[in-house]
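Below is one structure, written out as structure tokens, with a few remarks after it.
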Amino acid sequence: MKLTINGKDHEIDAPPDMPLLWVLRDLLGMTGTKFGCGLAQCGACTVHLNGAPVRACVTPAAAASSGTISTIEAMAADPVGRIVQQAWIEADVVQCGYCQSGQVMAATALLRENARPTDAEIDAAMSGNLCRCGTYQRVRGAIHLAAGKLSKEDAA
Amino acid sequence: MNAPVDLSRRRFIVAAGGGLVIAFVVPLASRFAIAQEQHPESGPQGAPPAPPLPQPNAFLTIGSDDSVRVLLAHSEMGQGIWTALPMLVAEELGCDWSKVVVAHAPAAPAYAHTAFGIQATGGSTSVWSEFDRYRQVGALAREMLVAAAAAEFGVDAAQCRVVDGKVVAGRKSARFGELADAAAKLPPPSEVKLKERKDWRLLGKPTRRLDARAKVDGSAVFGIDVQFEGLKVALVARSPVFGGKVKSFDATAARAVKGVRAVVEVPSGVAVVADHFWAARAGRDALAIEWDLGPQATLDSAQLKADYVARAATPGAVAAQAGDAPAKLAGARSVLEAQYDVPFLAHAAMEPLNCTVRLGEGTCEIWTGTQFQTLDQVAVAKVAGLEPAQVTIHTPFLGGGFGRRANPANDFVIEAVHVAKAAGLPVKVLWTREDDTRGGYYRPAFVHRLRASLDGDGSIDAFAATAVGQSILAGTAFAAMIKDGIDSASVEGMADSPYLAGVPHRRIELHTPSPGVPVLWWRSVGHTQNAFAMEGFIDELAHAAKQDPVAFRRRLLKAAGTKGKRNLDVLDRAVEAFGWKQPLPDGHGKGIAVHESFGSHVAQVAEVSVSGGRVRVHRVVCAIDCGVFVNPLTIEAQVQGAIVYGLSAALSGQITFRDGRVVQSNFHDYPTLRIDQMPKVEVHIVDSGEKPGGVGEPGTPPIAPAVANAIFDATGQRLRSLPFRFGA
Ligand code: FES
Ligand code: FES
């Protein structure tokens, strides 16, 4: 099957039910997308499929083959993803960091849809992303920070 | 603090070639290194190049490119030492902070914990235990760079100043990188002077993390991310009951799965080795295994609790006592009695356990997120039939540890070596979330029975507590630390509680049953359950005495004198910042808890409401006194995280057993706090100037009791069992 990931086409030989997560990690060596639960419970594996956040651990690669996939590895080059990463660094969000690829992907998808989310909207959009280190308060702060940066960029 | 530090016992050495390397020689470890130290590389030109160091022992390397490379003797698992330990070096060194590069040290004796003697990360010790060593490393390098500059400039060292990675004297200036090679040829000074706290420029200032970029762009490498040519992925089918053994298995179907390369039996079960995770999983699902489940197959949580409750009513080993509490209670007019209990808990670090092994000719390489490098090294050597020095341990970032990756039994590490050995392939043994949740090494379950009597003016005159729960040390290499039947971790925070210091009759007893559940240190260890029981019961006593919970605690802490002082100060700060006397919205309640652990003192005030049997924690105001501190941003993050960790456990965390099997499996039935449950957390640092204490764990113990006490304030219901459940 063919997969389009971060703007590049890949020809993949994988069992049809193999989740996108393991295609990324074990076949393509793209380890930025993390495994946390395998059950769509934790969000560590969040990637964008046609711009929308999906859980790669329960998305069969075959189901993603007709779409466009982007992963954390592409966010530095993404206009919103880049700002989110900057905000994350400024707000000193990360701790162990393991959940953070997923947090950044989820936040980027949120800000594309909603440029000025409230705390409640942030909580709703981010509640699928667990963080055992407890970075939630700074995740909220960083999303507001990124929203502010984005609106400044728009105004400029 | 500002007296010169005598370095002669530290056995610093300095190696030439490739910049200035500051290292330590471990006494007795190698005559080779000591010989090298006696003939330092200060000879004339043409002297032979420094022989290679006998073992890795560098802490700091200053390169000719001005890079300042700091090696960490501890593991970064989220607690921020990737930033805090380099800050200690940089403060003394005076380097350009942007030139700092950080890496984990390999496993080697030179990196042994200054207090534990093994290379380890745990007990909230990484910063305080390195507070002197890392500053001395920085100071030593600075002295040598200054000496090199003085020689080059032809001035006295006293005329030189260090500014942001340069040594300056008058109009002359040289970068560290330009001086490094010359500095390395100088004999190291025998003493250095550390800066006074008032002169610090970096320590104590909010400093952002050095690992942030790599952790937001996906490039940070965790154990699970390790990959190299030929590496296979393995999953292990383990006994569904602790202690069970494989009786027989049929791997025909598993071997038929495309991508499966080997199916091997190992002591812990049957491993399926495959090209990738998905094939390994399909292979494991296809295994047919008959287990000999062993004696644990009847383990049942309800029965176990009933057994603990029964034991709690019988005399146990005495952990602490004064006066005659039993007699006093027997004669008291009224005795307040309560039972508190907590369940087993999994650590549930975000990165599931994993370990990668590559065996070679007389070598073994391990990549794993571990908190116990040198113990793992020894255990691996045994399994691999090698000497410890032949085992290389690479420590990538840890996706959380919380104690699970510090296992005296080295379970996830040696198992992977068994798999690699049996399969004859390099393997990454990966645990699914279900494997991780059911893999044991839990925070032990505990039951506490507490009794106390009050005198006429509402002071406690007798107090007795009996704790029942497994010992973490029993059966491990650390078992010798159990004294007279008391594993101090089982009663920590209770036997030595400052609340009891002024109570004339007091007695703490302990029962240590052995139900066979593997248990381990879990963020803040015995303090979790003991603070819950203690702070809840103190609240009950305040209520019985018809006193305000804060006023009641203040009185007890005052009576404890110096032993209660720091708790009292954080209590006052938290209460004031919260606005304890201010009215709360309708239906809201507030609760307080204050507890000392790991050398730090923490008070928390929680504001909650309860509706439809669900607790909502709105706000937590926390005050922490961790003594002299290094990075306020880390402290804030760690305290927030410790609160989230403790709150997850209090609201929903429990591991239970039915027919010997763990009931929970993944985040749907072992839920942890999500962002929409996150309270607003305020962290206030109380600067006592005392000696540095821990930061990673002390924020956890007070949160469960603070919330329980707030629930009581809001609803009148006293919840004494975790996780919180409301009666019908
Ligand atoms: S790994 Fe996909 S949601 Fe947890
Ligand atoms: S930063 Fe560790 S799990 Fe989120």
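Side chains included, hydrogens not; waters and symmetry mates left out as well; all remaining heavy atoms used.
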Is E73(A) close to D217(B) at the side-chain level, that is, under 4.5 Å between some pair of heavy atoms?
no
Bottom line for L21(A): the part with an atom under 4.5 Å from chain B's heavy atoms is neither
So, the part of P671(B) with a heavy atom under 4.5 Å from chain A: the answer is neither
| field | Enclosure of E121(A) CD (heavy-atom neighbours >12, cutoff 6.0 Å) | value | yes
Cut-off 4.5 Å, heavy atoms of chain B, and the answer for D13(A) is side chain
Are D26(A) and K232(B) close enough for a salt bridge, meaning some N to O gap below 4.0 Å? no
In this structure, CZ of R138(A) is separated from CD of E636(B) (nearest 0.5 Å) by 7.5 Å
ask   = Are any of the side-chain heavy atoms of M350(B) and C42(A) separated by less than 4.5 Å?
value = yes
On a heavy-atom basis, the closest approach of P352(B) and G36(A) is CG-O, 4.1 Å
If one checks every heavy atom of Q677(B) against chain A at 4.5 Å, the contacting part turns out to be neither
Honestly, the part of D119(A) sitting under 4.5 Å from a heavy atom of chain B is side chain
Ordered numerically, the heavy-atom neighbours of chain A under 4.5 Å found in residues 272-279 of chain B are H276(B), F277(B), W278(B)
Okay, side chain of R132(A), backbone of A349(B): is any donor-acceptor separation there less than 3.5 Å? no
Cut-off 4.5 Å, heavy atoms of chain A, and the answer for K680(B) is both
So, the part of N666(B) with a heavy atom under 4.5 Å from chain A: the answer is side chain
One should read off an interatomic distance between F222(B) CZ and S101(A) OG, to the nearest 0.5 angstrom, of 7.5 Å
The interface call for A348(B) against chain A, heavy-atom contacts under 4.5 Å, is both
Notebook entry, point to check: Does any non-hydrogen side-chain atom of Q41(A) lie less than 4.5 Å from one of R433(B)?
Noted result: no
Q: Begin with the C-alpha distance, continue with both residues' side-chain angles, and end with the deciding distance and a verdict on side chain to side chain contact (heavy atoms under 4.5 Å, CB included) for M126(A) and R674(B).
A: CA-CA 8 Å; M126(A) 303 295 292; R674(B) 294 180 181 273; over 6 Å; no
Of the listed Q103(A), Q100(A), Q85(A), the one with the largest count of heavy-atom pairs under 4.5 Å with chain B is Q85(A)
Under 3.5 Å, is there a donor-acceptor pair between the side chain of Y136(A) and the main chain of L673(B)? yes
Does the side chain of T31(A) reach to within under 4.5 Å of the side chain of V221(B), using non-hydrogen atoms? no
message = Between D92(A) and R208(B) (side chain of the first, backbone of the second, donor and acceptor by atom type, cut-off under 3.5 Å), is there such a pair?
response = no
Whatever's closer than 4.5 Å to a heavy atom in chain A on S219(B) counts as neither
Max heavy-atom pairs within cutoff under 4.5 Å with chain A, candidates L647(B), D211(B), I224(B), V233(B), goes to I224(B)
The reported gap from CD in E682(B) to CD in Q137(A) (rounded to nearest 0.5 angstrom) is 9.0 Å
Is any side-chain heavy atom of H668(B) less than 4.5 Å from a side-chain heavy atom of L39(A)? yes
Worksheet item: Quick one: are F35(A) and L430(B) in side-chain contact, heavy atoms under 4.5 Å?
Response: yes
Note: I89(A) and A212(B) closest approach over all heavy atoms is CG1-CB, 4.1 Å
When rounded to the nearest 0.5 Å, the distance separating CD1 of I675(B) from CG of N129(A) is 8.5 Å
Of K258(B), R209(B), E76(B), H347(B), the largest count of non-hydrogen pairs under 4.5 angstrom with chain A goes to R209(B)
When the 4.5 angstrom heavy-atom criterion is applied to V104(A) and chain B, the contacting part is side chain
Which of K215(B), M77(B), E351(B) passes side-chain contact (heavy atoms from CB on, under 4.5 Å) with Y98(A)? Answer is E351(B)
Whatever's closer than 4.5 Å to a heavy atom in chain B on M18(A) counts as both
Counting heavy-atom pairs under 4.5 Å with chain A, the top scorer among V681(B), D436(B), T634(B), I643(B) is V681(B)
When the 4.5 angstrom heavy-atom criterion is applied to V216(B) and chain A, the contacting part is both
Within residues 51-66 of chain A, contacts to chain B at heavy-atom distances under 4.5 Å involve none
Cut-off 4.5 Å, heavy atoms of chain B, and the answer for V139(A) is side chain
- NZ/NE/NH1/NH2 to OD/OE distance under 4.0 Å, R25(A) and D225(B): yes
- Query: Does a side-chain heavy-atom distance below 4.5 Å link W22(A) with R281(B)?
  - Reply: no
